[in-house]
2 protein chains.
Amino acid sequence: MPSKPLTPFQRESIDLFVGAFAVLSLPRSLGEIYGLLYSSEEPLAFDDFVTRLDLSKGSVSEGLRLLRSLGAVNLLPVEGSRKDHFIAETSLRKLAGGYLRDRIEPYLRGGESRIESLRKVSATDPELNDFQQKRINQLLSWHRFFARVLPVFKALAGKI
Amino acid sequence: MPSKPLTPFQRESIDLFVGAFAVLSLPRSLGEIYGLLYSSEEPLAFDDFVTRLDLSKGSVSEGLRLLRSLGAVNLLPVEGSRKDHFIAETSLRKLAGGYLRDRIEPYLRGGESRIESLRKVSATDPELNDFQQKRINQLLSWHRFFARVLPVFKALAGKI
DNA sequence: AGCAGAGTTCGATTATTTTTGAACAATTCG
DNA sequence: CGAATTGTTCAAAAATAATCGAACTCTGCT
């Protein structure tokens, strides 16, 4: 039984973030946790998520860990309590930055070497080299594009 | 039995796109189909995907349909054949644009009304209005941010 | 019309991801 | 120290998503 029922504002916020997280293919429980935190003025303790969202301790533990690693949730020491308390990160730069850092950039960083190995195998097939060269060059230019645009995006997000 | 085995260049390309599609949480079969097409100079027929990638007709049918709806694959009439033939779309603007249009923008378009209903429920809870107002305003500014940045991103992608 | 080839549909199967829950630390308090 | 509280871990269950494949439709050909 949830000790403290969710307010309408909280329910709506949770809905909103569940949807937003779904756009990024992130699980519902993450959206619920972040949504509740975002719509709560006070820091929340571990147990609040379990009781008010009716999630298992395991889900909350994993969920908070992932959100913390994304930089979407911050641990906040609360004096007089030995429970962990959490608040939502609300800087768009940090939110977007964390997502990009953990989900997008790792693949992008590996991109050059993947294209390099394409070039290697292409060398063993002299017949199609012209076409293959075109493809490889295009992949390189796509890679450069993303490598340039991501920092710009982050910088813009920092202005919000 | 695959009639024509994949070249090393094709295998590497498929790997690359399977990974890239995975970043966007798109299924492996889509990455395989697009990767094979991207690395093939000639247009490919439906059956080529089935035999060379060892996928079921069902998967290929669904996969090509989704890729076409994303604008990542184009149908190409080949004279003298009544089979459908396909070529890869390689304009970054169209590729990125299609993804954004189908996956991101629909949620963004619904954003204003979701924020509006947040405002509505907030009105019924006068106590926390200050905090809630701050959150709502922030959500609005995030929404404006994305609504502005996406077109810029598309425009930049058009320059590649 | 009847047949063959080409592709689609969709219920069933398989694979993957998410969530649970119970056992297990770790820490604090009496 | 021993009990209680807090949170983590991870194997198993549940939920979800992807893939398959057989039946079907559609089109063109003879």
Side-chain angles (χ1 to χ4, degrees), chain A residues 1-3 14 17-37 43-70 73-86 102-103, chain B residues 1-3 14 17-37 43-70 72-87 102-103:
Chain A
M1 72 211 73
S3 57
I14 290 168
F17 281 105
V18 165
F21 278 58
V23 169
L24 307 176
S25 303
L26 293 173
R28 150 172 292 267
S29 65
L30 290 195
E32 294 182 359
I33 292 171
Y34 186 81
L36 176 57
L37 207 51
L44 298 184
F46 186 95
D47 208 49
D48 294 326
F49 299 104
V50 175
T51 58
R52 297 163 82 173
L53 295 173
D54 194 28
L55 292 171
S56 71
K57 289 201 293 173
S59 288
V60 171
S61 182
E62 290 281 334
L64 284 171
R65 175 150 62 117
L66 215 158
L67 288 171
R68 248 182 304 162
S69 85
L70 282 176
V73 156
N74 296 120
L75 202 44
L76 180 82
V78 164
E79 58 176 312
S81 169
R82 71 177 169 114
K83 295 187 187 183
D84 292 348
H85 282 73
F86 302 89
D102 287 10
R103 302 267 153 159
Chain B
M1 73 208 78
S3 56
I14 290 168
F17 281 105
V18 166
F21 278 58
V23 169
L24 306 176
S25 303
L26 294 173
R28 149 172 292 269
S29 64
L30 290 195
E32 294 182 359
I33 293 170
Y34 185 81
L36 175 58
L37 207 51
L44 297 183
F46 186 95
D47 208 50
D48 293 326
F49 299 104
V50 175
T51 58
R52 296 163 84 174
L53 295 172
D54 194 27
L55 292 171
S56 70
K57 289 200 293 173
S59 288
V60 171
S61 181
E62 289 281 336
L64 284 171
R65 174 150 62 115
L66 215 157
L67 288 170
R68 249 182 302 161
S69 85
L70 283 176
V73 156
N74 296 120
L75 202 44
L76 180 83
V78 165
E79 58 177 311
S81 168
R82 74 178 167 110
K83 293 189 188 184
D84 292 348
H85 282 72
F86 302 89
I87 55 171
D102 286 11
R103 301 268 155 159

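The sequence lines fix the lettering, A, B, ..., with proteins before strands; numbering per chain opens at 1.
Closest approach of A:Lys83 to A:Ala45, counting heavy atoms only: CD-CB, 4.0 Å. Across all their heavy atoms, A:Arg103 and A:Leu26 have their closest contact at NH1-CD2, 3.6 Å.
In this view, A:Ser69 and A:Leu66, A:Asp102 satisfy the side-chain contact (heavy atoms from CB on, under 4.5 Å) rule, not counting sequence neighbours. Remark: A:Ser61 pairs with A:Phe46 by the side-chain contact (heavy atoms from CB on, under 4.5 Å) rule, at least two apart or across chains.
Bracketed by its first and final contacts, the part of DNA chain D lying under 4.0 Å from non-hydrogen atoms of chain A reaches from D:dT5 to D:dT9 in 5' to 3' order.
Each end of the helix from C:dA1-D:dT30 to C:dG30-D:dC1 gets its own rotation axis from five pairs of C1' atoms, and the angle between them is 10° to the nearest 10 degrees.
Of the residues listed (B:Ile14, B:Leu44, B:Asp47), the one engaging B:Arg52 in a side-chain contact (heavy atoms from CB on, under 4.5 Å) is B:Leu44, and it is the only one.
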Go through the steps to decide whether A:Phe49 and A:Leu55 satisfy the test side chain to side chain contact (heavy atoms under 4.5 Å, CB included), and finish with yes or no.
CA-CA 7 Å; A:Phe49 299 104; A:Leu55 292 171; 5.7 Å; no
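Computed from coordinates, the A:Phe21 CZ to C:dT18 C1' distance equals 15 Å when rounded to whole Å. Between B:Lys83 atom NZ and C:dA4 atom P the separation is 17 Å, expressed in whole Å. In this structure, B:Asp47 places its CG atom 14 Å from C1' of C:dA4, rounding to the nearest Å. Atom CZ in B:Phe49 sits about 16 Å away from atom C1' in C:dT8, given to the nearest Å.
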Reading 5' to 3' through nucleotides 19-27 of chain C, protein heavy-atom contacts under 4.0 Å coded B for base, S for sugar-phosphate only, - for none
SBB-----B
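In this structure the side chain of A:Leu67 never reaches within 4.5 angstrom of the side chain of A:Leu37, judged on heavy atoms. Inter-residue side-chain proximity for A:Leu76 and A:Phe86 is flagged as unmet; no heavy-atom pair is nearer than 4.5 Å.
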Donor-acceptor pairs under 3.5 angstrom involving side-chain atoms of residues 27-35 of chain B: please list them, not counting sequence neighbours.
| unit_1 | atom_1 | unit_2 | atom_2 | d |
| --- | --- | --- | --- | --- |
| B:Arg28 | NH1 | B:Glu32 | OE2 | 3.1 |
| B:Tyr34 | OH | B:Glu89 | O | 2.6 |

